[in-house]
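Side chains included, hydrogens not; waters and symmetry mates left out as well; all remaining heavy atoms used. For ligands, and for the atoms within them, numbers begin at 1 and follow the listed sequence.
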Amino acid sequence: MVKVNVDMASSFIRAVLPRLACRHLKIGNNCNGRYLYGCNKRWVSSGSDLVQVEQDDSDNEIVVLKMNVKPVNACTAEFNNAMTKLIKDLDADEQSKGLILTSTLPNVFSAGLQLTALHGKSYDEIKEYFSTFQTMAHTLFTSRLATVAAINGHAIAGGCVIALCCEYRVMAEGKFHNGLNEVIVGIPMPAWVSAYTVYALGTNTAEKVILSGKKHTPREALQVGLVDQVVPPDDLIQVSKNILSDLIKVGDYPRRLSKERLRKELLMFSL
Ligand SMILES: CCCCC/C=C/C(=O)SCCNC(=O)CCNC(=O)[C@H](O)C(C)(C)COP(=O)(O)OP(=O)(O)OC[C@H]1O[C@@H](n2cnc3c(N)ncnc32)[C@H](O)[C@@H]1OP(=O)(O)O
C-alpha cells in the first residue's frame, strides 16, 4: 500500500471535514457479483460487481472495465481495491493487451473520492482510504496495457485523475463536466496528482487547470488537453475501441518498455 502525504491528509481533514459534517451522502454498494471473461483457460474478476468486466474481442486482447458504484461512481475503498486487483490481474495475463475504462452510469464517469468515507473517520482511517485510491491510480498509470478512458459523463476530481492515468481520453458530448476541482472543495492538490497532470497536460496548462479548480465542458476539456477527443455519446465506445486497436498494433515488448520508461520518472511520487 502506498503512503499518503501526511500534510495533504491533515490539511484535507481540517479543510473539508467540517463541510462534510453538514451533508449526509448515501452511496449504493453492490458486492455480490463475479465477472468472468475469456475462454476456459483464463478468468479475471474484481471479486465484486463494483467494476464490471467485459471481454471485447475473440482474441481476448481487449477488456472493457465499467465502473459500477451507484449513484455516481464515488471511489469507495472497496472499489479502489477491486480496480487495483483487476488491473494487476490483467497485467499478469499475457493475452491481455488493452483496456477501455468507462462507467455503467448514464451521465457520470466518476465523482472522485467518496466524500462520505471521510466523515467521522479518524486520521489514520482517512490516510488508509487515501492510499487505496493512490494505489489504484498508480496501478492504472503504470499498467503495461494500452489504456483508453471512455468518459461517458462527469469526471470530477478523482474521476478526472482516473482518466488522466490512461494513455488516451475520449469524452462524450453532453452537459457534463471534467476537471480537477480539489482546490474548490478544499483539498490541497497532492504532489503525485499534480505530477500525473503535468505529465498529461504540460506544466503550464496543468497549473492553470489545478489552480483554477475549473470544471470544463467537453469542448473546454478538449482545448486544455484534459481529453484527446470529443465524440457523440453513441460513438464513444466504438471510437475508443478503434483507438485501442491502433495502440495495440505496435509490438508489445517495445511498447511496454517504452511506456514504462516514459512513466517511471513519476514513480517517486507514488511509492
Ligand atoms: C488520495 C487523494 C486524491 C485527491 C484527489 C481527489 C479528490 C476528490 O476526488 S474529492 C471529491 C470531489 N468530487 C466532487 O466534488 C463531485 C461532487 N459531485 C458532483 O458534482 C455531482 O454529484 C455529479 C456532477 C458527479 C453528479 O451530479 P448529479 O447526477 O446531479 O448527482 P447528485 O449531485 O444529485 O448526486 C447523487 C448522489 O450522489 C452523492 N454524491 C455525489 N458526489 C459524491 C461523492 N464524491 N462522494 C459520495 N457521494 C457523492 C450525492 O450526495 C447524491 O446523494 P443523495 O443526495 O443521497 O442522492
Give yes if a backbone or side-chain nitrogen or oxygen of Leu113 is under 3.5 Å from a nitrogen or oxygen of ligand 1, and no if not.
-> yes
Tell me, please, whether Tyr199 has Arg263 positioned over its six-membered ring: NZ or CZ under 6.0 Å from the ring centre and within 45 degrees of its axis?
-> no
Under the side-chain hydrogen bond (donor to acceptor under 3.5 Å, both in side chains) criterion, do Ser122 and Glu125 qualify, and how do the steps go?
-> CA-CA 5 Å; Ser122 70; Glu125 285 170 327; 3.3 Å; yes
Atom indices of ligand 1, in the order listed, that fall short of 4.0 Å to a heavy atom of Gly112 | 9 (O)
Does the side chain of Thr132 come under 3.5 Å of the side chain of Asn80 through a donor N or O and an acceptor N or O?
-> yes
Ligand-residue contact atoms, ligand 1 with His154, heavy atoms, under 4.0 Å | 24 (C)
Non-hydrogen side-chain atoms of Glu54 and Ile100 separated by less than 4.5 Å | no
d(Ile87 CD1, Leu140 CG) to nearest 0.5 Å is 4.5 Å
Ligand 1 to Gln114, heavy atom cutoff 4.0 Å, flagged ligand atoms 46 (N)
For Ala172, enumerate each residue passing the side-chain contact (heavy atoms from CB on, under 4.5 Å) test, keeping only those at least two apart in sequence or located in another chain.
-> Phe176, Pro233, Leu236
Out of Gly158, Ala111, Pro71, who gets a non-hydrogen atom closest to atom 11 (C) of ligand 1?
-> Ala111
Hey, is Gln134 one of the residues with a heavy atom under 4.0 angstrom from ligand 1?
-> no
Using heavy atoms and a threshold below 4.0 Å, how should the contact between Leu115 and ligand 1 be classified: side chain, backbone, both, or neither?
-> both
At under 4.0 Å between heavy atoms, which part of Glu182 makes contact with ligand 1: side chain, backbone, both or neither?
-> side chain
Residue-ligand contact Ile187/ligand 1, heavy atom below 4.0 Å = yes
Distance from Thr104 atom OG1 to Lys66 atom NZ, nearest 0.5 Å?
-> 8.0 Å
Measure the distances from the heavy atoms of Asn107 to every atom of ligand 1 and state whether one is below 4.0 angstrom.
-> no
Does Thr116, backbone or side chain, put an N or O under 3.5 Å from an N or O of ligand 1?
-> no
State plainly whether the residues Glu220 and Lys208 are in salt-bridge range, i.e. N to O under 4.0 Å.
-> no
